[in-house]
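See structure below.
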Amino acid sequence: MGKRLSSAQIATYAQTGILTPIDVMDAAEASELRRGYESIAAHHGGRVPARFSQKPHLLYPWLNQLIRHPDILDPVEDLLGCNLLCWSGQFFAKPAGDASFVSWHQDATYWGLSSPEVVTAWVAFSTSNPLSGCMRVIPGSHQHQLSHADTFAEQNLLSRGQEIAVKVDLEQALDVVLEPGQMSLHHVLLIHGSEPNRADHSRIGFAIRYVPTHVHQKSPLRESATLVRGVDEFNHFDHEQTPAADLHPDAVAHHKEVIDRQLKILYAGAQKAGRLGATVGL
């Protein structure tokens, strides 16, 4: 029995690679988060640019608080231990009727991390269901790393349009249905994807990637992360700055430096520029 998860839930995660749904906050708090996202999107003409969707918790204090939310961290601690880094965070949003999709993939493919001890908390800011293009997963598919191919498909929300190079048995797929304020937790090797949003409302989620502090980046480039719980005795990552205010100039400069460095790792070996603006061949 953990801080938040039962022994049965921990065993289910080990077997299937997914736990869902988990209540994090009430509807009012989720609505406030959605308004925050919509404000960012409005500032950029209706859609948050890809680079600003990466690690926006370095730009906005309210998102920096979210990655430290105890009702997120307690179940993550039950799976990964008490010393935790937020390695990354990313918006996954599809406006009503949006054709964007996420191909079937495993998150670990291009991340360059030393261990699959990585948990993603996918927090719903709005209703996420099959009609709105919720995440779909293949339970139990997290045991092995599979080959992927880059497609760079224009409508694909992934950085390289990456997809697994084997056929997925759709009969095994599970729809991860979430209401605002709920989250799912999934393993870094779990096969997952999502369809376009055919609903009349936006599907907005924030994916937070957590690692124990002993995990390191295999690339010779040193990366950064945010310590969110416990202590970091390993110092594998530079510790990231907490923003003093929304889009504070120091935060904007720090975010640019962090993302530029991260993209050199994520796009290593790519033959084409991706959604995040990395240079070909980095």
Side-chain angles (χ1 to χ4, degrees), residues 4-5 9 12-13 16-42 46-48 50 52-57 60 62-76 78-79 86-98 100-102 105 107 118-139 157-158 173-188 190-210 228:
R4 174 73 183 275
L5 301 179
Q9 286 176 305
T12 295
Y13 180 84
T16 67
I18 179 83
L19 281 178
T20 187
I22 298 172
D23 293 332
V24 174
M25 65 193 75
D26 60 26
E29 190 174 355
S31 293
E32 188 67 22
L33 291 173
R34 177 172 180 165
R35 285 192 291 272
Y37 170 83
E38 290 172 342
S39 176
I40 297 172
R47 185 185 287 271
V48 179
F52 276 82
S53 283
Q54 299 286 326
K55 296 200 178 192
H57 54 276
Y60 300 94
W62 54 276
L63 282 171
N64 209 277
Q65 293 173 8
L66 179 63
I67 67 171
R68 306 169 192 273
H69 198 299
D71 287 331
I72 296 176
L73 290 180
D74 284 350
V76 172
D78 290 340
L79 299 175
C86 172
W87 175 73
S88 186
Q90 182 179 358
F91 287 125
F92 280 97
K94 302 173 188 174
D98 187 57
S100 297
F101 68 98
V102 175
H105 69 288
D107 286 332
V118 187
V119 170
T120 295
W122 203 101
V123 184
F125 291 6
S126 65
T127 299
S128 186
N129 57 29
L131 187 62
S132 64
C134 67
M135 184 168 67
R136 308 183 76 203
V137 305
I138 307 298
L157 291 176
L158 297 179
L174 170 70
D175 292 319
V176 181
V177 177
L178 299 171
E179 292 302 320
Q182 293 183 322
M183 73 173 178
S184 60
L185 297 176
H186 72 262
H187 190 279
V188 72
L190 187 71
I191 296 173
H192 61 290
S194 67
E195 296 294 320
N197 182 0
R198 299 179 176 89
D200 60 1
H201 60 84
S202 297
R203 191 220 68 167
I204 305 166
F206 188 56
I208 313 169
R209 285 72 181 252
Y210 295 103
V228 291

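Taking each heavy atom of Pro56 and Gly89 in turn, the nearest pair found is CD-O, 3.6 Å. Between Leu178 and Pro21 the shortest heavy-atom distance is CD2-CB, 3.8 Å. Tyr210 and Ile72 get closest at one heavy-atom pair: OH-CG2, 3.6 Å. In plain terms, the two heavy atoms of Pro196 and Asp98 that are nearest each other are CB-O, 3.4 Å.
Cys134 SG to Lys94 NZ: the interatomic distance, rounded to the nearest 0.5 Å, is 8.0 Å. Taken from CG in Leu79 to CG in Leu5, the straight-line distance is 5.5 Å, to the nearest 0.5 Å. Separation of atoms CD (Gln9) and CZ (Arg4) is listed at 8.0 Å; rounding is to 0.5 Å. Note that CG of Leu190 is 7.5 Å distant from CE of Met135, once rounded to the nearest 0.5 Å. Lys55 contributes atom NZ, which lies 14.0 Å from atom CG of Leu63 (distance to the nearest 0.5 angstrom). Atom CZ of Arg203 and atom CD of Glu195 lie 11.0 Å apart (nearest 0.5 Å).
Annotation: side chain to side chain donor-acceptor pair (under 3.5 Å) contacts of Asp78 (sequence neighbours excluded): none. Take Thr16 and apply the side-chain contact (heavy atoms from CB on, under 4.5 Å) test, not counting sequence neighbours, and it matches Thr12, Ile18, Pro139. In terms of the side chain to side chain donor-acceptor pair (under 3.5 Å) criterion, Asp26 has no residue partners (sequence neighbours excluded). Every residue two or more places apart in sequence or in another chain that forms a ring-ring contact (aromatic ring centres under 6.0 Å, His included) with His192 is listed here: His105, His186. A search for salt bridge (Lys or Arg N to Asp or Glu O under 4.0 Å) contacts involving Arg198 returns nothing, not counting sequence neighbours. Residues satisfying the ring-ring contact (aromatic ring centres under 6.0 Å, His included) criterion with Phe91, sequence neighbours excluded, are Tyr37, Phe206.
Judged as a side chain to side chain donor-acceptor pair (under 3.5 Å), the pairs with a partner in residues 127-138 (not counting sequence neighbours) are, in order, Thr127-Glu179, Asn129-Ser132, Arg136-Asp175. Listed by first then second residue, pairs satisfying salt bridge (Lys or Arg N to Asp or Glu O under 4.0 Å) with a partner in residues 28-38 read Glu32-Arg35, Arg34-Glu38, not counting sequence neighbours.
The backbone N or O of Gly133 lies less than 3.5 Å from no partner atom in the side chain of Asn197, so there is not a single donor-acceptor pair.
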Met183 vs Ile208, side chain to side chain contact (heavy atoms under 4.5 Å, CB included): CA-CA, chis, key distance, verdict: CA-CA 10 Å; Met183 73 173 178; Ile208 313 169; over 6 Å; no
Counting only pairs under 3.5 Å, give me each side-chain donor-acceptor contact of residues 118-126, with atom names and distances, residues two or more places apart or in other chains.
from	atom 1	to	atom 2	distance (Å)
Ser126	OG	Ser202	O	3.0
Ser126	OG	Ile204	N	2.8

